[in-house]
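Remarks on the structure that follows.
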Amino acid sequence: MSREVRIAGTAIGGNNRIRIQTMCNTPTRDVEASVAQIKEMVNAGAEIVRLTTQGKPEVEALSEIKKRLKDEDITVPLVADIHFNSEVAMEAAKVADKVRINPGNFAKSHEKASSEFRRLIGICREHGTAIRIGLNHGSLGERIVNLYGDTPEGMKEAAMEWIEMAVKENFLDIVISLKASNTVIMTQAYRLLRKAMAEKGYDFPLHLGVTEAGNGDSGRIKSAVGLASLLDERIGDTIRVSLTENPVNELPVAKFIADYYDSMDDEALANKKEKAFKVTRYNEKSREDLLLRVSCDYGPALLDRRIDDFDFTAEINGKEIECGLKEHIKDEIMQAARRRFYKPEYIACPGCGRTQFNLEKTFNEVKERTSHLKGMTIAVMGCIVNGPGEMADAQFGYVGEGAGKVAIYKGKTPVLRSVPQEEAIDKLLQIIENSTNAE
């Protein structure tokens, strides 16, 4: 069991249920839009909400958002998401209930980062603000990558460095996350971290997520497979399902997964694991419930290679499902567990206040026009803050630069910059075709 950490009035870890959270995709400076979206999120079950806070104007807007919500008796904790600017983190810590920092880009050097982190801890202690140490695969920072590579081991080591710094300052109100789009890397990283923390006697709560999971059935199933593989081992205290859709859509998915695991004692969890080795029959209330439950039951065993295939029968509201839906669910779970690829693998961020184009529409068009490229990995990222790093596994990428411009990547290299948005998908396809022909 992890220690309890309070984010304003919401407690994470300890004996508390699995908490569900999401992130606004409205510009934080747009106070009206952000307040309206947060109210939708709360009504859909959000227990913690994160907002991008890239500059001091966003900090000021966050303060106003918090005030307006409080005026309506909405007390959901607000998290400031910080990248590349430790000074903004200092200001945000005076306003937000939790500050998320990314050790890979908190400051330009490890020495500077250590010094700035101590300053941040002092401010957080004074204002009762928690900290999320949030690492993502692909944005670990040059020093860690040089030492350990862009690997689960590197993710664990980076997290432990920052945990040790917090412990040294006797600041224990921290939550840790190690997200990746690749479910194998994501699960390995969290397992390594839990083991390393246990060896040191640490029990900080963990926030789980499969980042850049995509949308539709694929995003839901990929998230369920990754989350279930850890929740099966009682790893995880709070979760986010990252979908390239309206973020409100993430919440029923996260709630289903959280409720499924919160309802199980150890015996029920053991019985759930045994399902992976039998032919199971399901009768669910909806199509989404079915694909999530099957993913939670079979995904972990497939991802960990305890089984190589599976079968099931199912009804939705008492009606037998069609064979096509059954095969679709099986294909998606196999791909999410990285056991068999029947279509391209997509990495797509959910979007946030930094995104300056219609990410969902663009992603859907990219998927439609690249659906024939079986086995290829293609990324669609909202901005350059994390995009180039967190699409580390992609062979090709579409990354928003702002002001209607897009960068096209081949691997980690931008091959075209400042491409007008209306031309960008054509350019992406042209780069893919030229590269494929050259091979």
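Salt bridge present: Asp311 and Lys326 bring a charged side-chain N and a carboxylate O closer than 4.0 Å. No salt bridge links Glu332 with Arg220; every basic N to acidic carboxylate O contact stays at or beyond 4.0 Å. Salt bridge annotation for Lys66-Asp97: present, with a cationic side-chain nitrogen under 4.0 angstrom from a carboxylate oxygen. A salt bridge links Arg369 with Glu365: at least one charged nitrogen is closer than 4.0 Å to a carboxylate oxygen. Using a 4.0 Å cut-off between charged nitrogen and carboxylate oxygen, Glu157 and Arg143 do not count as a salt-bridge pair. Ionic pairing of Lys330 and Asp309 is present here: one or more N-O contacts between side-chain nitrogen and carboxylate oxygen are shorter than 4.0 angstrom. Salt bridge status for Lys275 with Asp297: present, with a side-chain N to carboxylate O gap under 4.0 Å. Under the 4.0 Å criterion applied to side-chain N and carboxylate O atoms, Glu320 and Arg281 are assigned as salt-bridge partners. One finds a salt bridge joining Glu32 and Arg68 here, because a Lys/Arg side-chain nitrogen approaches an Asp/Glu carboxylate oxygen to under 4.0 Å.
The side-chain contact (heavy atoms from CB on, under 4.5 Å) test with Met186 singles out one residue from Leu178, Leu230, Thr211, Asn136, and that residue is Leu230. Evaluated for a side-chain hydrogen bond (donor to acceptor under 3.5 Å, both in side chains) with Thr238, the options Arg132, Gln21, Arg17 yield exactly one hit, Gln21.
The aromatic rings of Tyr346 and Phe363 sit perpendicular to each other, their planes meeting at more than 60°, with 30° as the lower class boundary. Aromatic ring pairs are classed by plane angle as parallel below 30°, tilted from 30° to 60° and perpendicular above 60°; the pair Phe312 and Phe310 is parallel.
Checking Thr10 against Glu47 by side-chain atom types alone, no donor-acceptor pair falls below 3.5 Å. At a cut-off of 3.5 Å, with distance as the only test, a side-chain donor of Asn25 or Gln37 sits close to an acceptor on the other residue. Judged purely by distance below 3.5 Å, without hydrogens or angles, the side chains of Tyr398 and Gln421 never pair a donor atom with an acceptor atom. Side-chain contact annotation: Ser286 with Glu288, donor-acceptor N/O pair under 3.5 Å absent. Between Thr52 and Glu58, the side chains place no donor N or O within less than 3.5 Å of an acceptor N or O (distance only, hydrogens not considered). Counting only N and O atoms by type, the side chains of Asn182 and His137 include no donor and acceptor under 3.5 Å apart. There is a side-chain donor-acceptor pair under 3.5 Å between Lys343 and Ser218.
Residues Arg234 and Asp266 meet the side-chain proximity criterion, which asks for heavy atoms closer than 4.5 Å. With a 4.5 Å cut-off on side-chain heavy atoms, Phe396 and Met376 count as touching. Looking only at side-chain heavy atoms (C-beta outward), Trp162 and Leu135 stay at 4.5 Å or farther from each other. Inter-residue side-chain proximity for Leu192 and Lys195 is flagged as unmet; no heavy-atom pair is nearer than 4.5 Å. You'll find the side chain of Leu231 reaches within 4.5 Å of the side chain of Leu208, heavy atoms only. Using a 4.5 Å heavy-atom threshold, the side chains of Glu116 and Glu87 count as touching. Contact check for Asn317 versus Lys285: side-chain heavy atoms found under the 4.5 Å cut-off.
Although no hydrogens or angles enter the test, the distance criterion places no donor-acceptor pair under 3.5 Å between the side chain of Lys272 and the main chain of Tyr261.
Other residues, nucleotides and ligands contribute more than 12 heavy atoms inside 6.0 Å of the CD atom of Glu422.
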